[in-house]
Amino acid sequence: MNMGQSGMLFVFGMFLLVTAIIIAGFHFAATASKARATAAREAHYRELAEKASVDATEIQASLIEIKSRLASLERQRAAE
């Protein structure tokens, strides 16, 4: 192997190495970005579930109040 061929082989090898490092970097960045997006989505769903739970509790309290008022009105009507 002469000097020109070994130089070309070195350049080609370095090109492959740099390309592999760049591809690995893109893969790592994409994986990290996907993980952050998943964590943010899960946090958003958790927050939404907590709000839904609070809303359901408020609705239940309102229904209990409405039922008690209706029962009171029915007792008033029955007494008349």
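Values reported hereafter were calculated over all heavy atoms of this structure, with side chains retained and with hydrogens, waters and symmetry mates removed. Computed from a predicted model, the values in this text were never measured in an experiment.
Remark: L17 CG to I22 CD1 distance equals 10.0 Å, nearest 0.5 Å. Distance check: S68 OG to L63 CG gives 10.5 Å after rounding to the nearest 0.5 Å. The structure places CZ of R69 at 13.5 Å from CD1 of I64, a figure rounded to the nearest 0.5 Å. A distance of 12.0 Å separates CG in L9 from CE in M14, rounded to the nearest 0.5 Å. The line from CZ of R77 to OG of S72 is 11.5 Å long, rounded to the nearest 0.5 Å. Between the NZ atom in K51 and the CG atom in D55 there is a gap of 9.0 Å [rounded to 0.5 Å].
Although no hydrogens or angles enter the test, the distance criterion places a donor-acceptor pair under 3.5 Å between the side chain of S62 and the main chain of E58. A donor-acceptor contact shorter than 3.5 Å links the side chain of T19 to the backbone of F15.
Under the 4.5 Å side-chain heavy-atom criterion for ILVMFWY residues, a single connected hydrophobic cluster contains both V18 and F26.
Taking 4.5 Å as the limit, some side-chain heavy atom of R41 sits within range of a side-chain heavy atom of T38.
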